[in-house]
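In what follows, chains are A, B, ... by sequence order, proteins preceding strands, each numbered from 1.
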Amino acid sequence: MTRLSSYLLPTEKQAPADAEAISHKLMVRAGLVRQLGAGVWTWMPAGWRVHQRIVAIIREEIDAIGGQEMLLPVLQPADPWRRSGRIEIDELFKLQDRKGTELVLAMTNEEAVTTHVAQVVRSYRDLPLILYQFQVKERDEPRPRAGILRTREFVMKDSYSFDRDDEGLAVNYAKHIEAYDRIFDRSGLEWYRVESDVGMMGGSGSHEYMAPCAAGEDEVALAPGYAANLEVASADAQPVELPAPLPEPREVHTAGLTTVEEVAGRLGVQPGAMLKAYPVIAGGRGLVLVLVRGDHRVNEVKLRTALGTDFRPAQPDEFSRKIGPAGYLGPVGANAPILLDTAVTDGGYVTGANRPDFHLYGVEPGRDFPFERADVRTVEPGDTVGGRPIRIEKAIEVANIFKLGTRYSEAFGATFLDENGGARPIVMGCYGIGPARIAAAAVEQTADEHGIAWPRAIAPFDLELVALGRAGSEELALAERLYAELTGLGLDVVYDDRDLGPGQKFADAELLGCPLRVTVGRRTLTGGELELQVRRGRESRSVPLEGASQAVLELWRTLP
RNA sequence: CGGGGCGUAGCGCAGCUUGGUAGCGCGCCUGCUUUGGGAGCAGGAGGUCCCGGGUUCAAAUCCCGGCGCCCCGACCA
């Protein structure tokens, strides 16, 4: 029973002044969420209904693949986090109790869940397992932003799989992919599953689920049959026209010209016919000179993977003696290993000459300098995968899944005895989904100038019944009757029985965005027809008053 | 962490330059009118002007320090 006359739905005509993202503005205006502090948000009753509907979908699907729901604590002793090494993470909230004991607020739960599994799983007969929870996560984000999109506290569904071996992990990973695909299909989002970087989680593979929208913080590269986070995307570069080859490099005077555009313009070659030099200091390897085409950009995530270690840009005093002066760096004669991007095809390029005011023309990789090859550039729109051009879109990361391997099981001594009595580390996977981000992405993807247009599966209510007319009127009596009927048919109805003008009720209904609006007014009585508005597209329909409730239910079932 | 901006009624804002009664729109309360697209009239309530210190006869306003919040970038298991 939800009557707006007694329901806390604090809608606002104006968005908060500091809101930028559509989902931020609309979710606040529609009375779904309210801010308490930086990156700290309260879910109001109608907003929490959305959240809980998303949670219910996730729960059904994770249960369906054999997940067992449990609850791990947010407040945790610091010791396990020291053991895993993650105590060092800046985003981890750390605190002390009154005795001075070190505690942390969990940002994820590999430490806790692995600790328990290490205690209770002994035999291969206890495996495989999928354990999961919905629990608040705490992260000291450097910059919370965009309403509920990036917050310091948020509910996450995190599941963990435990297997005897990589084959088992592959099975559980595939099960989660199935479940997640269904979750996002059911939630009504436009989404992609993309390859992603394993990041600080380590492990051997990961995917992200991305919901494209303007407020997204990530970028995805998409082509038919291909989807990857821009951080890891690979594609075939667009070809570039190279100048005619020379028997050997020729020095050219380029005084004061240090950028690719300036030099290419002066020499009359395409920017892609130049090689951009990017000196880095790689952990354990020292100075490395990375070369990409002049029209390409170095991708730091891919470079880190290629180097197999962390790195940082080298400072002039670290490379000027071994290579050359900033602005005129090149591979010829460089006293450092050279990493050449795979998009650099054979031919003659323009590079820095490693002395001030000069470049080299006609430099050929291999002939003029030795190199290692690696794919270290960021793909560009128009690059191709399998001959088909890619496009790049902004997207919200709504879920992330990882093959963890044995990193945590080894750290926490989570082993099992196999058939031969040998102790082996449990092979783990972890799988996260943020319900709040699903809600925000749905708003971003469906909103129009009137408000939100929720997908049916996650709307706060199935439909909004708007009653026009004054207290004691015949139309109000009819509305009451319909409210009871529709509710009786199993629909979740929000009933606007407030003493307000029609304009305000319609505006609020469209702002809140339930998939269907049913209007009861004087016209309903005189015309004998009930007016319906499908929120998506604001299309009006009408059904005969006779048998109207059943007709409403049937229409509702067809909505997106 | 670098750059930019903002804190005055529930929301959106003006006032600050040039110190002197704290204001506007929306919202809220009461009454009457109005009920198919944010309605009208009348009356009313609501403020530690972010906090602390300083200057001054007097501080929302000037000075110093702090806190909070937003945006861009870096970062983001």
Side-chain angles (χ1 to χ4, degrees), chain A residues 10-21 24-25 28-29 31 34-40 81 84-93 104-111 137-147 149-152 154 156 158 196-203 206 208 215 217-218 229 231 300-301 312-313 396-397 400-402 404 407-408 430-432 434 450-451 466-476 479 496-511 517-527 529-531 533 538 540 542:
Chain A
T11 57
E12 298 284 352
K13 237 170 171 171
Q14 283 164 307
D18 48 25
E20 295 282 321
H24 182 184
K25 290 179 183 170
V28 172
R29 282 193 54 211
R34 294 239 151 188
Q35 184 174 21
L36 197 59
V40 180
W81 293 78
S84 68
R86 293 206 295 183
I87 192 87
E88 303 297 334
I89 293 173
D90 289 334
E91 282 73 24
L92 185 66
F93 278 107
V104 306
L105 300 179
M107 58 198 305
T108 172
N109 285 277
E110 284 77 9
E111 283 79 359
K137 304 293 179 291
E138 307 284 344
R139 297 182 185 181
D140 193 1
E141 292 284 351
R143 183 151 100 78
R145 62 177 290 273
L149 221 50
R150 177 168 293 279
T151 55
R152 296 195 292 177
F154 60 96
M156 179 195 265
D158 44 328
S196 71
D197 182 48
V198 295
M200 296 287 284
M201 293 297 289
S206 75
E208 288 166 336
E217 298 183 286
D218 288 270
N229 192 311
E231 289 178 346
E300 302 203 346
V301 172
R312 59 175 175 81
I396 296 177
E397 178 190 334
N400 203 183
I401 58 180
F402 295 89
L404 284 175
R407 170 178 170 183
Y408 292 94
C430 70
Y431 315 86
H450 301 280
V466 173
L468 307 175
R470 323 184 54 164
S473 66
E474 210 179 327
E475 53 265 38
L476 262 192
D496 193 347
D497 61 339
R498 296 174 298 177
D499 186 20
L500 291 177
Q504 290 169 77
K505 294 189 178 188
F506 291 149
D508 269 358
E510 284 165 16
L511 179 59
R517 188 185 80 197
V518 177
T519 307
V520 177
R522 184 71 45 84
R523 273 192 214 163
T524 318
L525 296 169
T526 54
E529 292 203 320
L530 193 58
E531 187 200 307
Q533 187 212 51
R538 298 175 78 229
S540 284
S542 60

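Here, B/G10 and B/G53 have their C1' atoms 31 Å apart, quoted to the whole Å. For B/C64 and B/U18, the P atoms lie 15 Å apart once the distance is rounded to whole Å. B/G15 sits 10 Å from B/C49 when the C1' atoms are compared, rounded to a whole Å. The separation of B/A9 from B/C1, taken at their C1' atoms, amounts to 37 Å, rounded to a whole angstrom.
Taking only side-chain atoms of A/Arg470, from C-beta outward, the nucleotide of B/U34, B/G38, B/C11 with the closest atom is B/U34. Listed candidates were B/G37, B/G12, B/C76. Nearest to the side chain of A/Pro16 is B/G12.
Residue contacts shown for A/Ala146 are limited to sugar-phosphate atoms, with no base heavy atom under 4.0 Å away. Within the nucleic acid shown, A/Glu510 comes within 4.0 Å of at least one base atom, counting heavy atoms only. Nucleic acid contact for A/Ala38: sugar-phosphate only, since backbone atoms but no base atoms lie under 4.0 Å from a heavy atom of the residue. As judged by a 4.0 angstrom heavy-atom cut-off over every strand, A/Thr519 is placed among the base-contacting residues.
Interface remark: the A/Arg29 side chain does not form any donor-acceptor pair with the B/G10 base, using a distance-only criterion of under 3.5 Å.
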Checklist entry - Could you run down nucleotides 24-32 of chain B 5' to 3' and tag each one B, S or - for protein heavy-atom contact under 4.0 Å? => result -BS------

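The phosphate of B/C1 (OP1 or OP2) has no side-chain N or O of A/Arg143 nearer than 4.0 angstrom. Using a 4.0 Å cut-off, no side-chain N or O of A/Arg150 falls inside it from OP1 or OP2 of B/C76.
Rounded to an integer number of Å, the gap from A/Arg498 CZ to B/G38 C1' is 11 Å. In this entry the distance linking CD1 of A/Ile89 with C1' of B/C76 reads 11 Å, nearest Å.
Contacts of A/Arg34 classified as side-chain hydrogen bond (donor to acceptor under 3.5 Å, both in side chains), with partners at least two apart in sequence or in another chain: A/Glu12. A/Glu529 meets the side chain to side chain contact (heavy atoms under 4.5 Å, CB included) test with A/Ser542; sequence neighbours excluded.
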